[in-house]
Amino acid sequence: ALKIFKGEVFNRERVFQELSMMKLLNHPNLVKLIEVIDREEFVDAMAEVTKHVMKVYVQCIALEVISEDELFDYIAIPGRFSEITARTYFRWLMEGLRYMHQQGICHRDIKPENILLNHEFVLKVADFGFATFLAG
């Protein structure tokens with residue numbers, strides 16, 4: 001999967017911090033960072049209106065492909081998980097977060113939309129945009 005940051009719409013320092021953290025993480029319950037591609041390119045910014053060409057910074061990150069849905073899609077369906085399934089997902093979530101904390105990183109945006117399930121329905125924590133290094 002690709003996540004693309006382009007132009008002035010993203011905070012380079014924030015993205016750099018997110019990538020710095022993701023490079024430190026390697027756990028089966030966290031989405032893996034595969035590659036980071038940085039470049040500058042010239043784009044025709046708002047060509048129809050201004051006819052100005054400007055230099056734009058582009059950053060693209062390749063992430064592990066998660067072929068299933070967000071956990072949110074499964075809990076929005078009427079009904080509930082079996083106790084075994086709920087315990088398994090909770091354990092995987094806690095293992096991923098414990099690993100992050102052991103690495104000195106706090107996610108700070110845990111919600112069903114940031115918890116994905118892969119093709120084997122293994123839980124993966126995603127979206128480290130609000131993550132930060134723990135103090136001390």
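- I34 and V125 are members of different hydrophobic clusters when ILVMFWY side chains are connected at heavy-atom separations under 4.5 Å.
- R87 is linked by a salt bridge (charged side-chain N to carboxylate O under 4.0 Å, His left out) to E83, counting only residues two or more places apart in sequence or in another chain.
- Rounded to the nearest 0.5 Å, atoms CG (D73) and CD1 (I115) are 12.5 Å apart.
- Residue pairs meeting the side chain to side chain donor-acceptor pair (under 3.5 Å) criterion with at least one partner in residues 19-37, sequence neighbours excluded, are absent.
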Q.
If you apply the rule side chain to side chain contact (heavy atoms under 4.5 Å, CB included), what do you find for L63 with M22, and how did you get there?
A. CA-CA 10 Å; L63 302 169; M22 289 187 76; 3.4 Å; yes
May I have the list of side-chain donor-acceptor pairs in residues 88-97 shorter than 3.5 Å, sequence neighbours left out?
residue	atom	partner	partner atom	Å
T88	OG1	I84	O	2.8
Y89	OH	F121	O	3.2
R91	NE	E95	OE2	3.3

TODO: Evaluate the criterion side chain to side chain contact (heavy atoms under 4.5 Å, CB included) for residue pair L117 and L123; output intermediate values, then yes/no.
DONE: CA-CA 5 Å; L117 303 174; L123 182 142; 4.2 Å; yes
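- Hydrophobic clustering (side-chain heavy atoms under 4.5 Å, transitive across Ile, Leu, Val, Met, Phe, Trp, Tyr) keeps V36 apart from V65.
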Give the table of side-chain donor-acceptor pairs shorter than 3.5 Å for residues 101-111, with sequence neighbours excluded, one pair per line with atom names and distance.
residue	atom	partner	partner atom	Å
H107	ND1	D109	N	3.1
H107	NE2	A126	O	2.9
H107	NE2	D127	O	3.0
R108	NE	F130	O	2.7
R108	NH2	F130	O	3.0
D109	OD2	N114	ND2	3.0

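- Enclosure of atom CZ in F16 is not indicated, since only 12 or fewer non-hydrogen atoms of other residues, nucleotides or ligands lie within 6.0 angstrom.
- Take E64 and apply the side chain to side chain donor-acceptor pair (under 3.5 Å) test, not counting sequence neighbours, and it matches K124.
- Of all heavy-atom pairs between M21 and F133, the closest is CG-CZ, 3.4 Å.
- The side chain to side chain contact (heavy atoms under 4.5 Å, CB included) check on P112 picks up F72, I75, with sequence neighbours excluded.
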